[in-house]
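Since the structure is predicted, the reported quantities are computational estimates derived from the model, not experimental observations. Note that the numbering runs from 1 along the sequence shown for the chain.
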Amino acid sequence: MAAVDDLQFEEFGDAANSLAANPDDTTISIEGPGETPKRQPGPPRGSGREEDDELLGNDDSDKTELLAGQKKSSPFWTFEYYQTFFDVDTYQIFDRIKGSLLPIPGKNFVRLYIRSNPDLYGPFWICATLVFAIAISGNLSNFLIHLGEKTYHYVPQFRKVSIAATVIYAYAWLVPLALWGFLVWRNSKVMNIVSYSFLEIVCVYGYSLFIYVPTAILWIIPQKAVRWILVMVALGISGSVLAMTFWPAVREDNRRIALATIVTIVLLHMLLSVGCLAYFFDAPEMDHFPTTGTPNQTVTAAKSS
């Protein structure tokens with residue numbers, strides 16, 4: 001028969017101390033309902049792999065695509081289908097505008113800002129703001145240049161609004177459409193690591209135009225040298241965003257085709273900025289010339305009468 005002392009319960013200390021004293025013993029840890037189990041440290045991840053994922057956005061994009069696949073897509077003829085293109089908050093808009101103003105070398109604008117939730121809200125209102133900024137600033141610039149001239153009569157040119165709207169929106173939609181078709185065609189021939197959807201390309205072009213809103217306002221300054229300095233700064237910022245964004249999508253292609261694609265993108269962007277400056281601000285206005293005829297024409301008209 002066992003002794004009474006052998007049947008008494010003993011209070012054990014920390015499980016770690018018990019295991020240190022008796023390595024062969026087995027302990028069971030019972031956690032309370034409010035406690036969470038401690039995670040065991042895993043093997044360190046390679047720094048090179050982290051850099052690749054950060055540049056290409058593989059980890060975040062895979063999660064985003066997985067979540068997007070779980071969402072139920074609505075038919076394109078319903079309002080809910082187009083509502084998703086405008087489902088964006090102020091903080092996302094601000095981050096994307098800031099990313100377009102401060103391009104970071106080696107960072108992909110689409111992967112960092114657009115791919116999680118591409119939208120049309122920001123590009124639409126940026127283009128609308130740019131249209132009115134160019135039209136209003138062009139009229140004010142014309143007024144300030146000829147202010148004080150006796151033969152000048154100011155007439156608001158409302159046609160500049162329609163012309164600016166046609167140019168800006170055509171550029172923000174037709175150029176991305178052509179670029180998207182070209183990338184799809186080249187991807188069928190050369191497998192590229194990075195690929196963009198049409199909506200993502202529209203977002204890149206729309207947000208890249210934001211720098212021209214304050215630039216168009218500063219174009220009111222009646223100094224050609226200042227205007228051209230401003231347009232070169234704006235072109236350098238927005239053009240670098242486009243070049244760094246689309247270079248990963250074409251760098252696996254033929255070297256000449258890749259360089260020609262980037263050069264074409266930058267040249268079209270330069271054509272837009274220089275064309276807007278030359279037409280809306282530096283174009284000669286005829287309103288300040290006198291509408292009366294020359295002295296010879298006056299004498300001739302008097303004789304004929």
Quick one: [atom1] on [X] to [atom2] on [Y], what's the gap to the nearest 0.5 Å?
| X | Y | atom1 | atom2 | answer |
| --- | --- | --- | --- | --- |
| Leu130 | Trp125 | CG | CH2 | 14.0 Å |
| Ile114 | Ile201 | CD1 | CD1 | 12.0 Å |
| Ile229 | Leu218 | CD1 | CG | 12.0 Å |
| Thr264 | Leu179 | OG1 | CG | 10.0 Å |
| Thr261 | Arg251 | OG1 | CZ | 14.5 Å |
| Leu199 | Arg115 | CG | CZ | 11.0 Å |

Where [X] and [Y] come nearest, the two heavy atoms and their spacing:
| X | Y | answer |
| --- | --- | --- |
| Pro176 | Val202 | CB-CG2, 3.9 Å |
| Val131 | Ala164 | CG2-O, 3.8 Å |
| Ala172 | Cys127 | CB-SG, 3.7 Å |
| Ile220 | Phe281 | N-CE2, 4.5 Å |
| Leu272 | Ile168 | CD1-CD1, 4.1 Å |
| Glu200 | Pro118 | CG-CB, 4.4 Å |

Following the transitive rule for hydrophobic clusters with a side-chain heavy-atom cut-off under 4.5 Å over Ile, Leu, Val, Met, Phe, Trp and Tyr, establish whether [X] and [Y] coincide in one cluster.
| X | Y | result |
| --- | --- | --- |
| Ile211 | Ile104 | no |
| Ile217 | Phe143 | no |
| Leu177 | Trp185 | yes |
| Leu230 | Met232 | yes |
| Val263 | Leu268 | no |

> Crowded around Phe94 CZ? As in, over 12 foreign heavy atoms under 6.0 Å?
Replying inline: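 No - once you tally the heavy atoms of other residues, nucleotides and ligands closer than 6.0 Å, there are 12 at most.
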> Do other residues, nucleotides or ligands put more than 12 heavy atoms under 6.0 Å from the CH2 atom of Trp180?
Replying inline: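 Not buried by this count: 12 neighbours or fewer within 6.0 Å.
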>> Before you tell me yes or no, could you show the steps for Trp228 and Val274 under side-chain contact (heavy atoms from CB on, under 4.5 Å), namely the whole-Å CA-CA distance, both residues' side-chain angles and the distance that decides it to 0.1 Å?
In response: CA-CA 9 Å; Trp228 283 102; Val274 174; 3.7 Å; yes
Donor-acceptor pair, distance only, cut-off 3.5 Å: does the side chain of [X] make one with the backbone of [Y]?
| X | Y | result |
| --- | --- | --- |
| Asn187 | Leu183 | yes |
| Ser162 | Arg159 | yes |
| Tyr169 | Ala128 | yes |

> Which residue, Arg96, Lys98, Lys107, Gln92, forms the side chain to side chain contact (heavy atoms under 4.5 Å, CB included) with Tyr113?
Replying inline: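 The single option meeting the side chain to side chain contact (heavy atoms under 4.5 Å, CB included) with Tyr113 is Arg96.
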Does any non-hydrogen side-chain atom of [Y] lie less than 4.5 Å from one of [X]?
| X | Y | result |
| --- | --- | --- |
| Ile237 | Pro103 | yes |
| Ser137 | Trp219 | no |
| Leu144 | Ile221 | no |
| Ile265 | Val175 | no |
| Val184 | Phe198 | no |
| Leu242 | Val204 | yes |
| Tyr207 | Ile93 | yes |
| Asn108 | Tyr196 | yes |

> What is the ring orientation for Tyr121 with Phe86, classed by angle as parallel under 30°, tilted 30 to 60°, or perpendicular over 60°?
Replying inline: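 Ring orientation of Tyr121 relative to Phe86: perpendicular.
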> After noting the C-alpha distance and the side-chain angles of Leu235 and Tyr212, does the key distance pass the side-chain contact (heavy atoms from CB on, under 4.5 Å) rule?
Replying inline: CA-CA 9 Å; Leu235 181 62; Tyr212 288 99; 3.8 Å; yes
>> Could you walk me through whether Val167 and Ile134 satisfy the side-chain contact (heavy atoms from CB on, under 4.5 Å) test, starting with their C-alpha distance in whole Å, then the side-chain angles of each, then the deciding distance to 0.1 Å, before giving a yes or no?
In response: CA-CA 11 Å; Val167 172; Ile134 289 177; over 6 Å; no
> Which is it for Ile163 and Phe280 under the side-chain contact (heavy atoms from CB on, under 4.5 Å) test, yes or no, and what are the steps along the way?
Replying inline: CA-CA 10 Å; Ile163 294 175; Phe280 293 99; 3.9 Å; yes
> Any side-chain donor-acceptor pair under 3.5 Å between His269 and Tyr205?
Replying inline: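 Their side chains do not contain a donor-acceptor pair, so the 3.5 Å distance test is not met.
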